[in-house]
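Counting begins at 1 with the first residue of the sequence. Note that the structure is predicted; figures quoted are calculated from it, not measured.
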Amino acid sequence: MRLAASTLGRLLARLDGDAFDAATCGYLAALAACQPPETTISTPTPLLGLAVDGKTLRGSRTRDGAVHLLAAIRHDTQTVLAQSQVEAKSNEIPAFTPLLRDLDLTGVVVTADALHTQHDHARQIVAAGGHYLFIVKGNQPTLLRRLKALPWREAILNDRTDEQGHGRREIRRMKICTVRPGLPFPHAAQAIQVKRRCTDRRTGKTTIVTIYAITSLPPGRITHAQLAALIRGHWSIEALHHIRDVTYREDACRARTGAAPRVLASLRNLAIGLARLLGWTNIAAATDYYRSHPADGLQLLGLTT
């Protein structure tokens, strides 16, 4: 068994990480494209949410630092359509353009946190036929100041949700301002303000957070409820990272040689994506099932023992 494990480790370390990600992500993308879109409201063309965010593989730390991966993930199926490794001593920003370069962004809304609220990123997405929905924070001070100065008090409430779970109640209120051509950001058509009021049901403590965002989506392209869902849907990527850490103990993995940390992360993405596409809502339960019935898992991949 030790020999088999060491042999497998050497194999994973020597693989081409870019080629492996291209193969696994392409496979998941093809499968996900066969799934019917999850929508209950008819729109001219259904829009797909695609979240972009990064994750550090903490257990992979070497003298050059831990491996950091940037990925693009579908909101609806939690499948990874593209993944790349961020160069050591760099950040995610330079990796954004090559990550999306080969993806068809027609009918896609790319969502990202404030780090990727960059002019070049917005131009790339729109030039490729897609739309963007970016969070705005202090790294774009002029833009944030302009957003805060919009007449939010006079704006009507466009959407409200009230959800309870995990020991808390969260109320979200969304307002929208049409801004074209008033904001200093490429293709910005609408500004969004979201107020989140979260109450811990155990302690009774309430926190209120205000979030600002911009989008290239023109007014009327989708409903207000769908726009609010896109904002919430971005955090599906955080849910994926949580599953990899909790169910697959990714941060505890000590694989550090060659491409092994990245390849193992890709295999976790593949396993989670396949389980989601098969209808599993509990990935831990899916993992337990296929661990006990490996032949079923192989059959799903078209393999036989």
Side-chain angles (χ1 to χ4, degrees), residues 21 24-25 28-29 32 35 38 48-61 65-86 91-92 95 99 110-116 133 135 137 161 163-170 172 194 196 198-203 207 209 211 213 228-255 260-291:
D21 269 329
T24 55
C25 291
L28 281 176
Q35 302 292 310
E38 293 186 4
L48 171 68
L50 190 68
V52 175
D53 197 11
K55 184 181 186 300
T56 299
L57 309 181
R58 302 187 187 282
S60 64
R61 185 170 299 280
V67 172
H68 190 84
L69 302 175
L70 184 67
I73 299 172
R74 284 183 57 151
H75 289 195
D76 57 347
T77 59
Q78 223 172 49
T79 49
V80 179
L81 303 190
Q83 181 172 268
S84 63
Q85 184 167 333
V86 176
N91 60 39
E92 295 177 9
L99 179 77
V110 177
T111 63
D113 60 19
L115 177 66
H116 295 295
L133 176 56
I135 302 299
K137 292 185 179 178
T161 59
E163 296 181 350
Q164 300 187 49
H166 305 288
R168 64 188 181 189
R169 178 187 181 189
E170 186 170 270
R172 305 182 191 91
V194 177
R196 296 194 309 194
C198 186
T199 301
D200 189 314
R201 298 176 66 88
R202 219 164 23 108
T203 64
T207 57
V209 178
I211 298 170
L230 280 171
I231 296 173
R232 295 195 304 274
H234 175 72
W235 305 116
S236 61
I237 198 167
E238 297 294 338
L240 175 67
H241 293 166
H242 180 75
I243 292 168
R244 279 165 45 183
D245 281 339
V246 175
T247 303
Y248 292 97
R249 296 177 55 80
E250 182 168 80
D251 281 351
C253 179
R254 293 294 181 264
R262 177 180 179 178
V263 170
L264 287 170
S266 301
L267 289 172
R268 296 180 193 108
N269 289 338
L270 179 62
I272 296 167
L274 288 172
R276 290 293 191 211
L277 293 173
L278 287 169
W280 287 92
T281 56
N282 187 317
I283 300 301
T287 302
D288 288 342
Y289 175 82
Y290 290 112
R291 184 187 294 118

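- Between V86 and N91 the shortest heavy-atom distance is CG1-O, 3.3 Å.
- Taking CG of L270 as the start and CG of D21 as the end, the distance is 10.5 Å to the nearest 0.5 Å.
- Considering only heavy atoms from C-beta on, T287 comes within 4.5 Å of Y248 through its side chain.
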Full working for side-chain contact (heavy atoms from CB on, under 4.5 Å) between E163 and R232
CA-CA 12 Å; E163 296 181 350; R232 295 195 304 274; 4.1 Å; yes
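- Proximity of T24 to Q83: side-chain heavy atoms (C-beta onward) are nowhere separated by under 4.5 Å.
- Looking at residues two or more places apart in sequence or on another chain, you find no side chain to side chain donor-acceptor pair (under 3.5 Å) involving Q85.
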Show the numbers, then the answer: is there a side-chain contact (heavy atoms from CB on, under 4.5 Å) between L70 and H116?
CA-CA 11 Å; L70 184 67; H116 295 295; 4.0 Å; yes
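- Atom CG of L48 is separated from atom CG of L81 by 7.0 Å, given to the nearest 0.5 angstrom.
- The shortest heavy-atom contact between A265 and R244 is CB-NH2, 3.9 Å.
- Closest heavy-atom contact between G49 and L230: CA-CD2, 3.8 Å.
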Start with the C-alpha gap between I73 and L240, add the side-chain angles, then the distance that decides, and say whether side-chain contact (heavy atoms from CB on, under 4.5 Å) holds.
CA-CA 9 Å; I73 299 172; L240 175 67; 3.0 Å; yes
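- In terms of heavy atoms, W280 sits closest to A286 at CD2-CB, 3.4 Å.
- Taking the side chain as every heavy atom from C-beta outward, R276 and I283 approach each other to under 4.5 Å.
- When the side chain to side chain donor-acceptor pair (under 3.5 Å) test is applied to H75, the partners found at least two apart in sequence or on another chain are T111.
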Test side-chain contact (heavy atoms from CB on, under 4.5 Å) on R168 and T207; report intermediate values, then the result.
CA-CA 11 Å; R168 64 188 181 189; T207 57; over 6 Å; no
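- In this structure, Q78 and I243 have side chains that are in contact, with non-hydrogen atoms separated by less than 4.5 Å.
- Once rounded to the nearest 0.5 Å, the distance linking CG of L267 with CD1 of I272 reads 11.0 Å.
- Atom CD in E250 sits 4.0 Å away from atom NZ in K55 (nearest 0.5 Å).
- Counting only distance, with no hydrogens or angles, the side chain of E92 and the backbone of D53 share no donor-acceptor pair below 3.5 Å.
- Remark: of the listed residues L69, V67, L264, D251, V67 is the sole one forming a side chain to side chain contact (heavy atoms under 4.5 Å, CB included) with S60.
- Between the OG1 atom in T199 and the CD atom in Q164 there is a gap of 9.5 Å [rounded to 0.5 Å].
- Applying the salt bridge (Lys or Arg N to Asp or Glu O under 4.0 Å) test to R169 and every residue at least two apart in sequence or in another chain returns D162.
- Remark: L278 CG to Y290 OH distance equals 5.0 Å, nearest 0.5 Å.
- R254 CZ: more than 12 foreign heavy atoms inside a 6.0 Å radius.
- Nearest heavy atoms, I237 versus A51: CD1-O, 3.8 Å.
- In plain terms, the two heavy atoms of A66 and L57 that are nearest each other are CB-O, 3.5 Å.
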